[in-house]
Engineer: 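Below you'll find the structure I mean.
Within every chain, numbering begins at 1; the chains are lettered A, B, ... in the order of the sequence lines, protein sequences first and strands thereafter. The basis for the numbers below is simple: all heavy atoms, side chains too, and nothing from hydrogens, waters or symmetry mates.
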Amino acid sequence: MINIPSTIRISFRALRVNKMRSSLTMLGIIIGVGAVIAMLAVGTGARQKIAEQISSIGSNLLIVLSGASTSGGRRMGSGTQPSLSLGDAEAIKRECPSVQDVAPVLGGIGQVVFGNMNWSTGVTGTTPSMLAVRDWNLSSGRMFTEDDVKGATKVCILGQTVVDNLFGSIDPVGSVIRINKIPFTVVGVLEIKGQSPGGQDQDDTIYVPITTAQKKLFGTAFPGMIRMMMVKARTVEDLLRAEQEIAELLRQRHKIGQKQEDDFTVRNLTQMLQATEQSTKVMTILLGAIASVSLLVGGIGIMNIMLVSVTERTREIGIRMAVGAKTWDIRLQFIIEALTLSMIGGVAGILVGLGVSEALALFAGWSVIVSPFSVILSFGFSGIVGISFGFYPAYKASLLDPIEALRYE
Amino acid sequence: MGLIEAQGISKTYSFGEVEVRALCPTSLTIEAAEFIAIMGPSGSGKSTLMNILGCLDKPTTGTYLLDGVDVGGLGRDERAEIRNKKIGFVFQGFNLLPRTSAIENVELPLLYDGLSAQDRRQRALTALKKVGLEGREDHHPSQLSGGQQQRVAIARALVNNAPLILADEPTGNLDTKTSAEIMDLFVKLNTGSNITVMLVTHEPDIAAYSRRVIRFLDGCIVSDEVKKAS
């Protein structure tokens with residue numbers, strides 16, 4: 001019968017006797033486990049950040065821009081040709097099955113005044129669909145309604161940055177502000193959204209009904225014209241189909257012939273970011289794989305030391321065999337020694353990994369996330385390393401001839 | 001029936017083409033509570049015989065019954081169990097585990113017998129007392145004299161109440177006075193506890209403690225004398 005507690009004690013004693021050697025061997029595992037945890041934390045942190053950005057611009061998002069106008073042979077850039085209309089937006093929502101919602105946008109810069117405070121910000125004319133399209137909620141008040149859009153009423157909702165600059169700590173809902181000298185009633189405040197993937201402050205904004213923007217704020221020679229629209233596809237998989245459906249519909253509505261160029265552009269932001277996320281994922285796996293190599297090297301270190309230890313303790317093995325140790329008694333003793341080295345190294349490595357991650361977050365300002373999965377993974381891996389690299393030396397020890405072993409000097 | 005009944009056991013080592021006969025076919029019967037000395041020059045086969053009788057090695061031919069069990073055909077682990085239960089070993093170089101206290105050295109065979117920690121300690125203490133080492137259970141081998149180390153080794157051989165002690169030149173590393181003390185201890189164990197003691201020695205002084213002397217030469221027994229009770 002194999003006596004596990006005693007075997008564990010024997011193993012511990014053997015490790016204690018060679019403190020220096022044991023700790024150097026553990027160092028290999030400590031570095032390996034620490035590296036795996038820190039690298040995965042960096043990768044996971046980067047992915048998390050990108051995922052946050054994707055959800056901050058709104059998920060499954062397409063942007064349809066009006067085409068580039070040409071003036072005297074000079075092309076003016078997309079969005080300059082008044083080719084998109086509110087009618088287009090409504091048609092897309094009505095006729096494209098892959099599209100869940102559409103928010104038209106016509107905006108500009110406005111000087112905003114409240115009391116003795118003033119602020120310059122982007123004013124966006126849109127419809128109530130905007131909140132759904134951008135996965136945005138209100139922190140107080142309400143969104144303006146379809147009736148507000150129909151009636152071109154002078155109501156607005158504010159981003160948090162605007163509230164901070166004009167109102168300070170006062171609740172702005174119900175107050176009247178002036179946008180380009182025209183009075184607007186504040187009906188709601190948007191939740192804080194933070195930076196866009198491009199680094200813009202998304203909270204520095206004001207939403208007004210699109211009709212109000214068209215008729216009162218940014219008067220245009222083309223009634224019903226909008227600058228762009230934001231389109232939410234039903235699912236990520238629908239993005240490409242929605243893109244095609246929109247292009248087809250708009251070419252039809254704008255009567256664009258087979259060989260003519262589009263007078264609009266469809267951009268797929270989500271897909272772009274998802275590609276980035278994908279590459280970060282690959283990077284994480286790569287980092288983890290490289291770190292695992294050091295864990296493997298640590299395992300080879302354990303095997304090396306265990307082999308030396310078996311040779312050194314040949315006589316001890318002989319004595320144990322002479323007094324009745326069986327094959328598995330000897331094997332278990334050395335496997336447990338290797339396992340102890342790797343497990344203690346694993347625990348220390350987890351602490352080192354947590355420390356390094358923390359230090360990276362603190363000093364380098366990286367966003368790092370230590371997932372419980374990476375901790376369990378690397379700890380489990382170090383255990384497997386201990387058993388598998390400890391097995392060969394243990395196997396070798398158990399096959400020694402007791403007579404030879406007892407005679408060993 | 002004797003404790004040891006060996007019928008025509010022999011040992012041949014083969015090194016590729018060359019075969020070396022270490023032990024001629026030998027038959028031997030040893031009763032319980034005998035005290036036997038095995039003598040002979042180096043390479044005469046006495047160590048080979050001890051290894052086979054101690055279940056450390058298998059005979060090439062012949063049958064070997066230990067305490068009524070045919071151990072000749074047993075596997076590694078089965079022989080380990082026989083060694084654990086039936087045989088105590090005492091070596092010339094003591095063969096204690098270094099950096100390990102006396103009591104833990106004595107407990108070693110019990111460790112492989114599945115005894116509880118408490119039982120192990122109790123039996124190890126009793127064995128240490130038998131060899132006159134009470135109070136030194138926590139000393140490490142390096143803190144003990146040669147004679148004391150050999151006593152620890154004898155306690156280890158006793159701890160499982162094995163009926164047979166095989167000692168390979170147990171006094172080879174000790175001075176005359178200590179040798180005498182160790183031999184007195186063997187005699188005491190042999191007569192007091194009816195343990196069969198079988199020892200290998202070069203020295204006639206040591207062999208004189210035994211009641212039966214077997215002499216080896218070139219792998220064969222040349223004489224086997226039982227002394228008259230004195």
Side-chain angles (χ1 to χ4, degrees), chain A residues 1-23 308-337 340 394-409, chain B residues 11 13 22 47-48 50-52 54-58 74-101 104-117 119-121 140-141 153 155-160 162 166 168:
Chain A
M1 202 187 86
I2 294 162
N3 194 329
I4 301 277
S6 309
T7 313
I8 292 174
R9 248 210 336 268
I10 293 167
S11 308
F12 269 63
R13 173 164 335 107
L15 296 176
R16 256 207 322 275
V17 164
N18 283 305
K19 280 193 199 75
M20 184 67 173
R21 186 198 284 178
S22 302
S23 34
V308 171
S309 179
V310 166
T311 310
E312 256 184 16
R313 285 151 67 194
T314 301
R315 187 187 272 265
E316 176 195 322
I317 296 164
I319 297 169
R320 290 180 184 281
M321 285 177 165
V323 303
K326 300 195 183 95
T327 314
W328 272 101
D329 290 320
I330 299 291
R331 266 182 215 175
L332 267 187
Q333 180 188 340
F334 284 95
I335 288 173
I336 288 173
E337 269 178 45
T340 308
Y395 176 75
K396 233 183 115 180
S398 71
L399 289 190
L400 284 173
D401 175 13
I403 301 167
E404 297 286 323
L406 280 168
R407 232 178 263 151
Y408 185 83
E409 291 301 325
Chain B
K11 187 73 191 179
Y13 294 102
S47 291
T48 308
M50 290 294 262
N51 286 340
I52 291 171
C55 290
L56 288 165
D57 209 349
K58 277 180 171 182
L74 294 182
R76 254 182 108 89
D77 285 352
E78 290 162 314
R79 277 185 284 134
E81 200 164 333
I82 294 280
R83 289 197 296 272
N84 184 265
K85 299 256 178 356
K86 302 259 161 93
I87 305 166
F89 290 94
V90 178
F91 303 95
Q92 180 178 5
F94 318 137
N95 273 340
L96 298 176
L97 296 187
R99 294 173 293 240
T100 306
S101 66
E104 284 175 299
N105 263 296
V106 176
E107 278 182 24
L108 200 60
L110 304 177
L111 212 59
Y112 299 112
D113 197 18
L115 257 73
S116 74
D119 285 356
R120 287 204 303 266
R121 196 175 164 80
H140 286 196
R156 183 179 65 194
L158 290 175
V159 75
N160 245 355
L166 297 177
D168 194 352

Engineer: Taking all heavy atoms of B:F91 and all of A:A322, pick out the closest pair and write down the distance.
Structural biologist: CZ-CB, 4.3 Å
Engineer: Using non-hydrogen atoms and a 4.5 Å limit, figure out which bit of A:R320 sits close to chain B: side chain, backbone, both or neither.
Structural biologist: both
Engineer: Please find the pair of heavy atoms, one from B:R76 and one from A:P402, that lie closest to each other, and give the distance.
Structural biologist: NH2-CD, 4.4 Å
Engineer: Which bit of A:I317 comes within less than 4.5 Å of chain B, counting heavy atoms only: side chain, backbone, both or neither?
Structural biologist: neither
Engineer: Do you know which of B:D77, B:L56, B:N84, B:L110 has the most heavy-atom pairs under 4.5 Å to chain A?
Structural biologist: B:D77
Engineer: What pair of heavy atoms forms the shortest contact from B:N51 to A:R407, and how long is it?
Structural biologist: ND2-NH2, 4.1 Å
Engineer: Can you name the closest pair of heavy atoms from B:R83 and A:M321 and give their distance?
Structural biologist: NH2-O, 2.8 Å
Engineer: Side chain from CB out, backbone as N, CA, C, O: work out which of these in B:I87 comes under 4.5 Å of a heavy atom of chain A, or both, or neither.
Structural biologist: neither
Engineer: What do you reckon, is OH of B:Y13 surrounded by more than 12 foreign heavy atoms closer than 6.0 Å?
Structural biologist: yes
Engineer: Let me confirm one number: the CD-CG distance from A:Q333 to B:L111, rounded to the nearest 0.5 Å.
Structural biologist: 9.0 Å
Engineer: Please find the pair of heavy atoms, one from B:A80 and one from A:A325, that lie closest to each other, and give the distance.
Structural biologist: CB-O, 3.7 Å
Engineer: Any side-chain heavy atom of B:R156 within less than 4.5 Å of one from A:I319?
Structural biologist: yes
Engineer: Testing the basics here: between B:R99 and A:R13, what is the closest heavy-atom pair and its distance to 0.1 Å?
Structural biologist: O-CD, 3.9 Å
Engineer: Can you tell which part of A:R16 gets under 4.5 Å to a heavy atom of chain B, answering side chain, backbone, both or neither?
Structural biologist: neither
Engineer: Between B:E78 and chain A, which part of the residue has a heavy atom less than 4.5 Å away: side chain, backbone, both or neither?
Structural biologist: neither
